[in-house]
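Please read the structure below before turning to the comments.
Residue numbers run from 1 in the order of the sequence given.
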Amino acid sequence: MMSNFNKVTRTALIIFVRHPELGKVKTRLAKGIGDEKALAVYNLLLSHTQQITIPINCYKFIYYTDQVIENDIWTFPGYTKRQQFGADLGARISNSFKELFDQGFKRVMIIGSDCYQLQTAIIEQAMARLAVNDVVIGPTFDGGYYLLGLNRYVPELFRDKAWSTDQVTKETIATVNQLELTYSLMQKLHDVDEAADLNLNGIDI
């Protein structure tokens with residue numbers, strides 16, 4: 001498979017998504033605005049994520065939390081669909097990175113579908129920085145990250161982390177430093193997780 005990757009790029013972009021189902025997405029947000037509006041916000045975020053990633057010149061992999069959906073907005077040229085697997089978020093992220101590095105990619109980056117402030121130029125800048133750094137991190141104001149890029153598989157980055165807390169980026173950087181890896185921090189952005197985040201992102205539902 002390596003020869004196929006060489007024809008275009010050896011960079012892969014992972015996008016973690018959920019199938020947009022009422023009552024099953026943006027549950028923290030739904031507590032403030034209700035399930036129907038939360039679903040509308042998530043569909044907006046999915047559409048935004050698709051639009052900003054279409055122009056990027058790399059292989060793109062959609063990793064679903066649950067089963068792969070055959071016909072949805074990701075049924076689009078340039079996107080390959082796969083299913084996440086692992087006991088927790090860290091394991092699922094780790095496994096997706098390992099899967100693609102094992103296939104021969106030299107640089108792998110992951111984003112989610114929760115960041116309305118993320119733009120094509122930011123992802124492309126992160127990819128450029130990854131060419132000269134071991135790790136690139138896009139931190140969020142809530143302490144997590146909207147983007148993580150690696151130039152090799154580093155399983156330690158996904159172990160013993162307090163996932164879904166304000167410590168994720170801090171703990172990730174600590175591991176990077178312990179392993180003496182080089183890294184670059186991107187600009188800090190707001191995720192959309194709670195009702196207060198809608199105004200911060202200019203979203204009116």
How about Tyr42 and Val192: do any of their side-chain heavy atoms sit closer than 4.5 Å? no
What closest approach, in Å, do Gly23 and Thr27 show between heavy atoms, and which atom pair accounts for it? O-CG2, 4.1 Å
Residue of the set Gln50, His19, Lys81 for which side chain to side chain donor-acceptor pair (under 3.5 Å) holds with Asp72: Lys81
For Glu156, does the CD atom sit with more than 12 other heavy atoms under 6.0 Å from it, leaving out its own atoms? yes
Provide the closest heavy-atom pair for His190 versus Asn201 in the form atom of the first, atom of the second, distance. O-OD1, 3.5 Å
Are Asn151 and Phe101 close enough that some pair of their side-chain heavy atoms sits under 4.5 Å apart? no
I'd like to know if Asp193 and Lys26 make a salt bridge, using a cut-off of under 4.0 Å between side-chain N and carboxylate O. yes
Distance-only, no hydrogens or angles: does the Ser94 side chain make a donor-acceptor pair with backbone N or O of Gly90 under 3.5 Å? no
Is there a path from Trp74 to Ile69 through hydrophobic residues (I, L, V, M, F, W, Y) whose side chains come within less than 4.5 Å of each other? yes
Closest heavy-atom pair, Val168 versus Gly144, reported as atoms and distance to 0.1 Å, is CB-CA, 4.1 Å
Is there side-chain contact between Val25 and Leu39, with heavy atoms separated by less than 4.5 Å? yes
Is it true that atom CG of Asn177 has more than 12 heavy atoms of other residues, nucleotides or ligands lying nearer than 6.0 Å? yes
Side chain of Gln117, backbone of Leu189: donor and acceptor closer than 3.5 Å? no
Reported CZ-to-CG distance for the pair Arg107 and Leu13, which is rounded to 0.5 angstrom: 13.0 Å
Could you give the distance from CD1 (Ile123) to CD1 (Ile15), rounded to the nearest 0.5 Å? 7.5 Å
What are the two closest heavy atoms between Lys24 and Arg18, and how far apart are they? O-CD, 4.2 Å
Counting C-beta onward and ignoring hydrogens, is there a side-chain heavy-atom pair between Met127 and Ile56 closer than 4.5 Å? yes
Could you tell me whether a side-chain N or O of Ser113 sits under 3.5 Å from a main-chain N or O of Leu46, the two making a donor and an acceptor? no
Kindly give the heavy-atom pair with the smallest separation between Phe85 and Glu99, and that separation in Å. CE2-OE2, 4.1 Å
Checking Asp142 now: which residues fulfil side chain to side chain donor-acceptor pair (under 3.5 Å) with it, not counting sequence neighbours? Thr140
Please tell me whether Tyr79 and Phe61 form a close aromatic pair, meaning their ring centres lie under 6.0 Å apart. no
Could you tell me if Tyr59 and Gln103 have a donor-acceptor pair between their side chains, going purely by distance under 3.5 Å? no
Is there side-chain contact between Arg159 and Thr175, with at least one heavy-atom pair below 4.5 Å? no
Side-chain (Arg129) to main-chain (Leu185) donor-acceptor, under 3.5 angstrom: yes
Would you check if the side chain of Asn133 reaches a backbone N or O of Val136 as a donor-acceptor pair within less than 3.5 Å? no
Do you reckon Ile110 sits in the same ILVMFWY cluster as Tyr153, going by side-chain contacts under 4.5 Å, direct or chained? yes
Is a side-chain donor or acceptor of Thr165 paired with a backbone partner of Ala162 at a separation under 3.5 angstrom? yes
Please say which of Leu181, Val108, Val135 ends up in a side chain to side chain contact (heavy atoms under 4.5 Å, CB included) with Arg152. Leu181
Side chain Ser47, main chain Asn43, donor-acceptor under 3.5 Å: no
For the residue pair Ala30 and Asp35, what are the closest heavy atoms and their distance? CB-OD1, 3.3 Å
Tell me whether Phe141 shares a hydrophobic cluster with Leu198, the cluster being built from Ile, Leu, Val, Met, Phe, Trp, Tyr side chains joined at under 4.5 Å. no
Let me confirm one number: the CG-CD distance from Leu157 to Glu171, rounded to the nearest 0.5 Å. 12.0 Å
Looking only at atom types and distance, does a side-chain atom of His48 sit under 3.5 Å from a main-chain N or O of Leu118, one as donor and one as acceptor? yes
State the CG-CG distance between Leu100 and Leu150, to the nearest 0.5 angstrom. 11.0 Å
Does Leu89 have any side-chain contact (heavy atoms from CB on, under 4.5 Å) partners at least two apart in sequence or in another chain, and if so, which? Phe16, Arg92, Ile93, Trp163
Are Ile122 and Gln187 side-chain neighbours, meaning at least one heavy-atom pair lies under 4.5 Å? yes
Do Phe158 and Leu148 make a side-chain contact, defined as non-hydrogen atoms from C-beta onward lying under 4.5 Å apart? yes
Is any side-chain heavy atom of Phe97 closer than 4.5 Å to one of Asn95? no
Using modelled atom types and a 3.5 Å cut-off, is there a donor and acceptor pairing between side-chain atoms of Asp134 and backbone atoms of Tyr183? no
Please step through side-chain contact (heavy atoms from CB on, under 4.5 Å) for the pair Thr172 and Lys161, ending with a clear verdict. CA-CA 8 Å; Thr172 300; Lys161 302 292 183 290; 4.2 Å; yes
Go through the steps for Ile14 and Lys60 under the test side-chain contact (heavy atoms from CB on, under 4.5 Å), then give the verdict. CA-CA 6 Å; Ile14 298 166; Lys60 300 153 199 170; over 6 Å; no
Qualifying residues under side chain to side chain donor-acceptor pair (under 3.5 Å), relative to Tyr146, sequence neighbours excluded: none
